[in-house]
Amino acid sequence: MLDPKLLRGNLDEVATKLARRGYELDTNAFNELEARRKDLQIRTQELQNKRNTISKGIGKAKAAGEDIQPLLDEVASLGDELKAAEEQLKTLQGELRELLLGMPNLPDDSVPDGKDEADNREERTWGEIPAFDFEPKDHVDLGEALGGLDFAAAAKLTGSRFAVMHGSLARLHRALTQFMLDLHTTEHGYSETYVPYMVNEASLYGTGQLPKFAEDLFRLEGEQGWHLIPTAEVPLTNLLRDEILEADRLPFKVLAHTPCFRSEAGAYGKDTRGMIRQHQFDKVELVQAVRAEDSFDALEELTGHAETVLRKLELPYRVVTLCTGDLGFSSAKTYDLEVWLPGQNKYREISSCSNFLDFQARRMQARWRNPDTGKPELLHTINGSGLAVGRTLVAVLENYQQKDGSVRVPEVLRPYMGGMELIR
RNA sequence: GGAGAGAUGGCAGAGCGGUUGAAUGCACCGGUCUUGAAAACCGGCAAGGGUUAAUAGCCCUUCCUGGGUUCGAAUCCCAGUCUCUCCGCCA
C-alpha cells in the first residue's frame, strides 16, 4: 500500500509513476474522495470530542451531587448526528482503503519502461550455453525415458499441471532442495523456518495477493477463509505483521522450503507441456526485512544468493530487470534470474527477486524501532526464490543430458545423491 | 468432539460503568551520586489516525475481534477467534 500522505501531497507525481506501469489513477476522483474524507473526519472527531467532554462532565456533576439533567439534554441532541457521521466516515474510509489496496507499488526510477517481458533489460549473463553434438531433448522426453517423470500418472491422480516423480529423479528433486537449504543457511545467513502451507486472508492482504488476485489462489472451503500458499513469501513475510522489531534483530533473514499452489487462471495453453508451470511446485524462498536505507543493497545481496545456487550447479543463466509492464503488483524493482533451457533453446525464469520497499510493510504494519528516535518505522521487505526446485530440476536434466539419454549429476549434488554420478 | 478457565502496554500483573490510555513491578532511556560500574534516588517511557510547515501543540481511536446496551464501557450483554487445563479421538 502506498503512503496515503504521499498521495495527498504529491498526487500528480504518483499518478505519473503509476502510469509508467499502466495503472491509470483518476486524480480528480481521488481528490474529490479525499476532500470529503477530510471534512467528514474532522466533523466526526469534533462531535466525538463534544460527547466525551459532556460525558466526563456528567460523571463529575454526579459525584458532586449536582443536577445532571441539563447535560443529558445537551448530549441527547448529539446522538443521531454523531452516529450518522460515524457511519458515513466508516463507509468512505472503506472506499478509500479499497482504492489504496488495489493500487500497485511505484516502480523505482531505475526500472526500464516497457510493455511486457520483451522490454525487460538484460543486466548480465553467466556461464557457457552448452553445445551439443546431438539434438538435445527437453526434460519431458528425458524424464519419461528415464522412468522418473510420469505426467500421465499425475493426470490420473489429480489432473493436468501436476507431476509424479520416481526413483533417481525424485531423489534429485530432494537433493536440490537440501543443497539449496544448506547453502543459504550456512553461507548466506538465513534462518531456516517451517511455516503453515495454508494462510488466512489477513496474511494474503499483507503481502498483496488480496484483494486483487484471488483468482490466482486456491481457496479452501469453510468459514476461515484459508488459502493454500502461492509462495512461502506469504507466511514468512507475515511473521512480521503487527510486530515492532528491535534494531538488533535486523537484518531479518529467513528462508523456507515449501510447496507452492497456484491456480494458473489465465495461463490456459501456456507451458502446458512438462514441469514448467504446475499447480503445485516446491520452492526455497528467501525473505529479508531491513531498514529503509538498506533495501536496495539487500536486493542486490539476495539476488546474488539466488545466483550462487545456479553458479554452484554450473547452470548458465542471465539476470534481467523487469520493465514497468512486467513488474509484479507489490514490487518496486525486480530482477528475474533466467536459466538456459536447451530443450526450449531459450532462457526461462527460475527466480524472481524483488524489493517491495515499505509497500508490504505498510499493509501489515511491520516495523522496527529506531533507537535514535525511539519511534517505530516501517521495514522494507525483499524476497526471492532461491530457487524454484521443479524448474531447477528441469534445468539440470536438460543441461546435463548426454547423447544416450542419461543425465550427469552436478558435482555439488553428488553428496546428496549417495555419490551417484550418472542417472540412467 | 465434550467440560472448564482465560485474553489488559516490551514482559509480568491490578482494575468499582464515570477526570483510567489504564495502578504496581521488571525491562529500557535520561539525570543525580561515583575515578568507573553497581546500588540508591529523581524523571521519562504504548500504537494507529486526523489537523498542521512541524518529529510542536490539540483532537480522535484502540485494553483479542466484531456487534449491542449506556450520556459514558477495559469493566455489562451477544457472537466469534485464540490460548491453557481435563476427557475423548488420532499421525
Side-chain angles (χ1 to χ4, degrees), chain A residues 1-10 30-31 33-101 194-206 220 222-227 235 238-250 252 291-293 358 360-379:
Chain A
M1 192 163 85
L2 297 177
D3 185 353
K5 287 184 178 167
L6 183 71
L7 273 114
R8 286 173 208 156
N10 306 64
F30 180 85
N31 276 329
L33 211 56
E34 176 55 25
R36 275 171 56 207
R37 188 229 100 229
K38 187 168 170 172
D39 271 7
L40 195 53
Q41 184 159 0
I42 289 172
R43 192 158 66 86
T44 305
Q45 292 187 352
E46 277 171 2
L47 288 169
Q48 286 172 329
N49 181 227
K50 204 165 166 188
R51 180 208 52 201
N52 291 346
T53 308
I54 298 173
S55 290
K56 274 185 185 169
I58 292 176
K60 280 189 213 171
K62 240 178 149 177
E66 295 164 9
D67 180 19
I68 61 169
Q69 194 54 47
L71 289 169
L72 285 177
D73 294 341
E74 194 181 342
V75 83
S77 60
L78 272 177
D80 289 345
E81 196 188 351
L82 176 58
K83 203 162 203 168
E86 280 177 340
E87 267 164 34
Q88 282 174 42
L89 181 62
K90 202 171 165 185
T91 307
L92 192 58
Q93 282 179 328
E95 279 175 49
L96 265 166
R97 187 174 164 74
E98 278 304 304
L99 182 67
L100 236 44
L101 282 174
Y194 177 86
V195 292
Y197 303 159
M198 304 169 201
V199 291
N200 57 32
E201 289 182 351
S203 294
L204 291 160
Y205 272 93
L220 299 172
E223 304 291 302
Q224 304 98 329
W226 290 350
H227 293 70
N238 274 280
L239 288 171
L240 301 176
R241 174 151 51 88
D242 296 321
E243 298 289 336
I244 302 175
L245 294 188
E246 294 303 326
D248 62 8
R249 295 205 41 204
L250 301 181
F252 178 83
R291 303 172 184 220
E293 64 266 31
D358 60 13
Q360 293 182 324
R362 182 171 294 103
R363 289 175 161 236
M364 63 176 85
Q365 284 298 310
R367 294 151 295 169
W368 67 287
R369 191 176 298 280
N370 187 337
D372 296 338
T373 60
K375 293 293 170 196
E377 296 178 16
L378 290 173
L379 287 160

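Because the structure is a prediction, the values reported are computed rather than measured. Order of the sequence lines fixes the chain letters, A, B, ..., with proteins taken first and strands second; residue numbering starts at 1 for each chain.
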So what does [X] touch, heavy atoms closer than 4.0 Å: a base, only the sugar-phosphate, or nothing?
| X | result |
| --- | --- |
| K62(A) | base |
| I54(A) | nothing |
| P376(A) | sugar-phosphate |
| Q224(A) | nothing |

Pairing nucleotide - [N], Watson-Crick or G-U, each distance under 3.5 Å:
| N | answer |
| --- | --- |
| rG1(B) | rC87(B) |
| rC16(B) | none |
| rC28(B) | rG44(B) |
| rG6(B) | rC82(B) |
| rC58(B) | rG50(B) |
| rG36(B) | none |

Exercise. Quick one: does R367(A)'s side chain have a donor or acceptor within less than 3.5 Å of a partner on E377(A)'s backbone?
Worked result: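 No, because the side chain of R367(A) does not come within donor-acceptor range (under 3.5 Å) of the backbone of E377(A).
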For this session: Give a yes or no on whether D80(A) atom CG has more than 12 heavy-atom contacts from other residues, nucleotides or ligands under 6.0 Å away.
Result: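 For D80(A), atom CG is not crowded (no more than 12 foreign heavy atoms under 6.0 Å).
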Exercise. Is the CZ atom of R249(A) crowded by more than 12 outside heavy atoms at less than 6.0 Å?
Worked result: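 Counting other residues, nucleotides and ligands, CZ of R249(A) stays at 12 neighbours or fewer.
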Under 4.0 Å from OP1 or OP2 of [N]: is there any side-chain N or O of [X] that close?
| X | N | value |
| --- | --- | --- |
| N52(A) | rC60(B) | yes |
| R369(A) | rA47(B) | yes |
| N200(A) | rU81(B) | no |
| R8(A) | rG50(B) | yes |
| R367(A) | rG48(B) | yes |
| R37(A) | rU51(B) | yes |
| R249(A) | rG10(B) | no |
| K38(A) | rU52(B) | yes |
| N49(A) | rC60(B) | yes |

[atom1] atom, [N] versus [M]: distance in rounded Å?
| N | M | atom1 | result |
| --- | --- | --- | --- |
| rC89(B) | rA47(B) | P | 50 Å |
| rG25(B) | rA14(B) | C1' | 11 Å |
| rC77(B) | rC82(B) | P | 22 Å |
| rA53(B) | rU75(B) | P | 38 Å |
| rU85(B) | rU69(B) | C1' | 33 Å |
| rG31(B) | rA37(B) | P | 11 Å |
| rU83(B) | rC28(B) | C1' | 28 Å |
| rC76(B) | rA23(B) | C1' | 23 Å |

Separation of [N] [atom2] from [X] [atom1] (nearest whole Å):
| X | N | atom1 | atom2 | answer |
| --- | --- | --- | --- | --- |
| K375(A) | rG44(B) | NZ | C1' | 12 Å |
| E81(A) | rC71(B) | CD | P | 17 Å |
| D39(A) | rU51(B) | CG | C1' | 13 Å |
| I244(A) | rC45(B) | CD1 | P | 16 Å |
| L72(A) | rG18(B) | CG | C1' | 13 Å |
| E243(A) | rC11(B) | CD | C1' | 14 Å |
| D248(A) | rC29(B) | CG | P | 12 Å |
| D358(A) | rG48(B) | CG | C1' | 16 Å |

Exercise. Any ion pair linking R51(A) and E46(A) (charged N to carboxylate O, less than 4.0 Å)?
Worked result: no
Problem set entry | 5'-most by nearest nucleotide on RNA chain B - K5(A) or Q48(A) |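 Nearest nucleotide further toward 5': that of K5(A).
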Seminar exercise, completed: When A76(A) and K90(A) are each assigned the nearest nucleotide of RNA chain B, the 5'-most assignment goes to K90(A)
Are the side chains of [Y] and [X] in contact, using a 4.5 Å heavy-atom criterion?
| X | Y | value |
| --- | --- | --- |
| V199(A) | N238(A) | no |
| I244(A) | W368(A) | no |
| P4(A) | R362(A) | yes |

For this session: Identify the heavy atoms of T44(A) and L82(A) that sit nearest to each other, and give their distance.
Result: O-CD1, 4.0 Å
